[in-house]
Amino acid sequence: MQLQYGKCNSDPRVVDKRPYFGVLHTTDILAKDTISDRSPVVVIAAMASNTDAPSCNYAYFGGLYYYIDTVDILPGGRYALHLRIDVLTSYADSIKNISAVVVRQAGAYYPMLADPAYTKKSNIQVETRQFNRSPFIVNYNSDFCYVLSVIGGVNT
Amino acid sequence: MITTGQYPTVIDWPLQNFAATDMITALNIDDPDLTESYWLGWISYDNLPSAFKISRQTIDTDARTMSFVDVTHAENVDISIITCTDTSPTSYINNPYTSIYDGDVWRRFDSIPNTQYVIPSNQSRFINKFDVNTIQLSNTYAVVNMTIDDATMAYTIITMSPDELYDRHFTRSLTSSDINNVRGSAVPSDLSFDIDDSMLDGTLQTITVSGHTIKFFAGAFGLSGFGRPRTTSGGVGGYYNPLPVVRLHDDSDHTFLIGGTRFFAVTTGWYGGGYRITPGTGSINAYDFYDAATTTIVGGFVGTVSLDDIVAITQNNGIGVIAAQNGNFAVQGVQDSRFAMVRRMYDWYDIVTTLSYLMRYNTSNTVFYTTDATKYYPAISENNEFLGYLRNGETDYDLLRPWQISGTALDAESDEYTPADKPPYIPGEGDEDEKIGDSIGFNVNVPGGTASGLYTMYALRQAHINNLGAALWTSFNDPDSNFWQNVRMAAGLYEESGSFDLSAILNYITSIRIYPFALVNLPGFAGAGTGAIRMGTGKIPLDLSTGGAGNVGIMGSYTGIIDAGSVAIPAHYGDFRDLEGVTMSVYLPYIGNIAINPAEVTGQTLQATYAVDLTSGSCVAYLLLSGSWGYYPIGVYSGTIGADIPLSASQGNRMFLRDLKNVLGLGSILGGSLSGVDVTDGDALAGAIGSGLASGAAYMAKNVYQQGMSAALTPPTLGGGGANFAGFGAPQTAYVQIRRHLYAYTARNFPAAEMGRRTYGVKVLGTLSGFTICDAVDVSGIPAPADIQTDIKNLLESGVYL
C-alpha cells in the first residue's frame, strides 16, 4: 500500500481539503500499526532525502485523509507517522450530499432574520428626516392667512 | 472565494529575459472540474502604467459564460501562463508568450509562440512577485484581486463568488464576437447588462490574503451601454460612444489603467479596452503625466504618480491631444456629464478611482477625458468608503460596481453610512408581499363652493385685519362716519341714548381665524374680490383695501387640501437591524407626534395630506405610504390648525382680552394697554385690537415662544391642538424620527465569512460555499463508522467551511 503525504495548510474546518493538499511524495507503507482506524501509525521508508518532508502535515492512503501528528525516526532510516483521520475531507463527498437544516451561512443567508451576532452598542442613534414640503411656512404680513367668516354678505 | 495554495520553486523550461515594461500577462487555467478554461490577466507591479486587458479562453463553447475561475482547484488543473509583448493592441493576443517570474526577473518563454505554456496537473511552478491588485475583465468589468506572498509563496486569487457575480450578473453567454470585442476587433452593440438594485446590495466578499485584508474594488461595469456624452464647446463631436476607463492608484505607488476603453484610435480601427500603450515609442499613444497643480506635463514616462497627478495620453506625433485630465480642465469638457459617487478606498490599497472616458472629436484626434470623481463628491474622501453609483449624464448604467470589503472597518466612531451609501431594504425576502389588498385611493372631494348669501368667507391679509379693526372701533362713536353709521341705522342698533349694543353688531361676524398657510394655495380659493367685504344684507360694503391692503380674497370652499409633502424612509442597515428594536414617529404640524411601525414603512415613502375645515379651524391629516402598490393609509389624525381671534360679542369681554393677551403674549406689544381697556370704550378697544392684531400676527410668526406659549416648545401631542396658537410655535415641517440601535458591526465589517449569517431551511450542503453551521444533521447516510459519523455531525453543527 502506498501513502501520499504533503502539506495542507487549510483550516481544519474546511470540509474538502483536497484542493489544498499539495501532494509531494508517494512512498510505500512498510508496516502499519493500526491502533485504531482513526489514529493509525504507519511506517515508511526514509524521508531524509525530501528536504521538505519535516513540514509535511497531511497524508492520504486507503481512501482516507489524515493529519500527520508526529513523526518518529526509526532505525534503518524508517519513519513512523502517527496519523489522525480528517473526517471532513475523508467523507467530503458524502457530506456534500447531505441535506440539512442550515442555521448560519456565509453566503446563502437572509438579512432580515434577526442575528444576535450583531452586538448592540449601548448608545442609540436618532435620525430625523424632514418631509420635502413646508406648506405651513408663510409670510403672515403679506399672505392671505386670515379667514373672516360673516353671516350673509355677498360672495363677490 | 478565497483560495490559497503553495507552489515550490520549480522552473524547468527555457526562459528569456522579459522586459517588465512591455508585458501583459494572463493566467490561463484549465479547470477539469468545470470543463472550462479561464484567462485571468494582470500586470506586474513593474509594469504599472500598462493598460490591462483580459480575455477568457473557452474550451467548452456551451459554457462560455463570463465568470471567474475558482483557483481552489489549481493544483488539479492545468495552469497556463500567457504573456504578451506587443505594441500593437490588435495583434498581441495572437502572439502570446509564456513567461514566468523566476524570483528576480521576468522571463519569456519564446520557444512556444502563439500558445500558452501549460503547467500540468498536479505540478507546480513558481509564480511569484505578482503583486496584482486588480484584475478586470474587459466588458464584464468585474474585479478580482490577487496577490502572491513573497515569503510563503502562497498565492491567492479572490474572485467574486458565483452567488454574487456569476449567477446573477454575468450569465450572458459569450459569442465569438464578444471575444473579438475583448480583443478589440469588434464591439457588439448588445454587450451590456441591466443593472438592478440587487446588484447594489453591497454583499460582502471575504478577502484575506496572507494575513492581509484585500479590498475588492468596484470596477467599471456595463460600460458598453454608455452613451454619447454631452459636449459643451466646439470641436467636440464625440460621435463614438465613449467608454470609461478606471484608473486606480494605490498607496504602494502602483498605478493601473484598466477598464473598457473602446475608442477610435488615431490611425485605424477599434482597439480593445485597456491595451498596453508603450510609453513614448508606440505608434498610437504615449502616456504623459500632468502635474495636478500646474497642469503641465511632468514629462516622460512616469512609472508612478501621486494621487493628484493627472494621467494623460497624448499622441506622439505632436498633435498632443490631452487624453486624460482632471474634471474641469478641458474646454471640450464633459463637465455636465459628471460621474457620480465613486467609491474610494484605502487601507492596504489606497485606491483612488478616476473615471475617464474617451471620445473622438474629429477625425484625427482622440480625446480621453478623465475626471477624478471624488472631486465632484467630496463626501467620498471623507469616509474613504463609498458605495454608490457612477453615472454620467447620458446613461443610467452604473459604471462602478459597489462591492464592499470584508474586514474593512469603518472609522471607529462612524456607525452609519453616508447618505447615498445605504443598502436597499429587503422587504419580505420574497416570501410574502408586505402590502396586500386594495389600494386606497386618496381622492379628495372638495365642495365646490360656499352657500352664497348665507355665509361668506373672506381671505384677508394682515393689513385687512388692521383696517377691519379701525373700521369697527375707530369710527364707532362717530355717527357721521362711513360704514358703521349706516349699518347701525339700518339695523336699528343706534339708540338715541348714545349707547350701542356691541354684541348685536359683532353677531354678523362669526369668526376671524388665522391659518398657517397661504389661502391662495388652496383649491377652494376663489380669487380676489373687491376691496370691500359685505355682511348681513350685504348692501353696505366695508372697504378694507385702504392703506395699500388691496382687494380681499374670497373663499369658494369650506375645505382646504394641503399637501404636506413626503419623506423617504430608506433602510439604514439593509437588514434586520432596521426593524429590530427600532422605533419611529412622525411629527405632523398641528397634529402632534405619532408612533409608526418601522416594519410598515421602512424602505418606503411616507406622505402627508391635510384637509382643513375652514368653518371650524379643525384639520384632518392623512398619513399614507405610496408605492408601486398604490396608496396605503396608515393613519388619519385630527387637530386644530386655525387659530381663533375672538371678536364675537360673547367673547368681547375682559376675559377675552386677558386670554388674548396671555395666549398671544401680546402684553409687551400692546404696552399693557389692553389690561386696562374698558370694552365699552370704543376708542380704546379699537386701538388695542387694531394694533394688537396687526402686530400680533407678525409676532406670532416670529416669536411666539413667549410665556404662556411654553407648550409650543414641546412638539404637540396627538390631538393636542386645543391651544390654537400653540401650533404656530412648533416646528412647521413634518418629520420622521427614527431611533435605532447602534451595533458593533456594520454590514461591511461583519465577519460573515468566519461566522456566517442567519439563514433557515433545508439545503444540500454541496450547493453552499463558505462557513456553514447546520442543525440536527442526519449523518446516518455517511458510510463511516458510528464514531466518525458523530464527529462529522458535531463538526457540521459547530461550523465548517464548505
Side-chain angles (χ1 to χ4, degrees), chain A residues 7 11 13-15 19-20 22 87-88 91 94-115 117-121 123-138 140-141 143-156, chain B residues 72-73 163 452 456-460 508 510-513 516-520 534-536 538 553 562 565 567 575-576 589 697 701 732-745 752-753 756-759 762-766 770-775 777 782 788 791-792 800-801:
Chain A
K7 289 181 286 188
D11 188 303
R13 294 172 295 174
V14 172
V15 170
Y20 309 100
V87 298
L88 290 178
Y91 297 96
S94 296
I95 291 172
K96 291 178 180 176
N97 287 328
I98 289 177
S99 293
V101 174
V102 178
V103 294
R104 296 193 74 87
Q105 226 289 312
Y109 54 81
Y110 294 92
M112 299 313 291
L113 288 179
D115 191 341
Y118 279 88
T119 305
K120 286 181 182 174
K121 293 182 178 179
N123 52 333
I124 69 167
Q125 181 183 67
V126 180
E127 178 182 0
T128 303
R129 303 176 69 86
Q130 277 201 331
F131 281 55
N132 59 4
R133 295 194 75 235
S134 299
F136 303 132
I137 296 177
V138 296
Y140 288 101
N141 289 318
D143 286 336
F144 284 97
C145 295
Y146 295 87
V147 172
L148 169 66
S149 299
V150 301
I151 297 298
V154 177
N155 199 8
T156 57
Chain B
T72 300
H73 309 286
D163 285 345
S452 177
T456 302
M457 290 191 297
Y458 294 98
L460 306 181
Y508 285 106
T510 61
S511 68
I512 298 177
R513 291 195 184 88
F517 48 83
L519 294 162
V520 295
R534 298 169 186 264
M535 59 184 76
I562 299 170
V567 61
D575 55 33
F576 72 96
Q732 297 297 298
T733 303
Y735 61 83
V736 171
Q737 205 158 52
I738 307 164
R739 290 168 175 81
R740 64 172 63 92
H741 289 285
L742 296 174
Y743 290 83
Y745 293 114
R757 293 178 65 175
R758 287 286 307 281
T759 187
V762 176
K763 296 179 174 63
V764 177
L765 300 188
F771 186 78
T772 305
I773 297 179
C774 303
D775 186 31
V777 183
I782 296 178
I788 289 181
D791 284 354
I792 293 173
V800 297
Y801 291 98

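Naming: A, B, ... by sequence-line order, numbering from 1 per chain.
Comparing B/Ala518, B/Ser511, B/Gly770 by heavy-atom pairs within less than 4.5 Å of chain A, the highest count is held by B/Ser511. If you tally non-hydrogen atom pairs under 4.5 Å between each of A/Val101, A/Ile95, A/Val14, A/Asn97 and chain B, the highest count goes to A/Val101. Heavy-atom pairs under 4.5 Å with chain B were tallied for A/Val87, A/Thr128, A/Val103, A/Val126; the largest tally goes to A/Val103. Of the listed residues (B/Ile562, B/Leu460, B/Ile792), the greatest number of heavy-atom pairs within a distance under 4.5 Å of chain A belongs to B/Leu460. Looking only at heavy-atom pairs under 4.5 Å with chain A, the residue among B/Gln737, B/Arg758, B/Arg739 that has the most is B/Arg758.
The heavy-atom pair separating B/Val567 from A/Gln130 by the smallest distance is CG2-O, 3.3 Å. Among all heavy-atom pairs drawn from A/Asn132 and B/Gly565, the shortest one is OD1-CA, 3.2 Å. Taking every heavy atom of both residues into account, A/Val138 and B/Pro516 meet most closely at CG1-O, 3.7 Å. Between B/Leu519 and A/Tyr146 the shortest heavy-atom distance is CD1-O, 3.3 Å. Shown here for A/Phe136 and B/Pro589, the closest heavy-atom pair between the two residues is CD1-CB, 3.6 Å. Nearest heavy-atom pair, A/Arg129 versus B/Ile738, reported as atom, atom and distance to 0.1 Å: CD-CD1, 4.2 Å.
In this pair, B/Tyr743 and A/Tyr118 present their aromatic rings perpendicular. The plane angle is above 60°, beyond the 30 to 60° band.
Between B/Tyr801 and A/Val15 there is no side-chain heavy-atom pair separated by less than 4.5 Å. A/Ile137 has its side chain within reach of B/Thr733: a pair of non-hydrogen atoms, C-beta onward, lies under 4.5 Å apart.
Of the two parts of B/Ile788, the backbone and the side chain both hold a non-hydrogen atom closer than 4.5 Å to a non-hydrogen atom of chain A.
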Stepwise side-chain contact (heavy atoms from CB on, under 4.5 Å) check, B/Leu765 with A/Val102: CA-CA 9 Å; B/Leu765 300 188; A/Val102 178; 4.0 Å; yes
Chi angles and distances behind the side-chain contact (heavy atoms from CB on, under 4.5 Å) call for B/Val777, A/Ile98: CA-CA 8 Å; B/Val777 183; A/Ile98 289 177; 3.9 Å; yes
Pair A/Ile151-B/Thr510, side-chain contact (heavy atoms from CB on, under 4.5 Å): steps then yes or no: CA-CA 7 Å; A/Ile151 297 298; B/Thr510 61; 3.3 Å; yes
Derivation of the side-chain contact (heavy atoms from CB on, under 4.5 Å) call for A/Ile124 and B/Leu742: CA-CA 5 Å; A/Ile124 69 167; B/Leu742 296 174; 5.7 Å; no
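B/Arg757 contributes no side-chain N or O that, together with a main-chain N or O of A/Ala106, makes up a donor-acceptor pair within less than 3.5 Å. With A/Gln105 contributing its side chain and B/Phe771 its backbone, the two residues share a donor-acceptor pair below 3.5 Å.
Counting only residues at least two apart or in different chains, salt bridge (Lys or Arg N to Asp or Glu O under 4.0 Å) contacts with residues 96-107 of chain A comprise A/Asp16-A/Lys96, A/Arg104-A/Asp115.
Atoms OG and CD, from A/Ser134 and B/Gln732 in turn, are 9.0 Å apart once rounded to the nearest 0.5 Å. Taking OH of A/Tyr91 as the reference point, atom CG of B/Asp791 lies at 10.5 Å (rounded to 0.5 Å). Distance check, rounded to the nearest 0.5 Å: CE of A/Met112 to CZ of B/Phe576 gives 9.0 Å.
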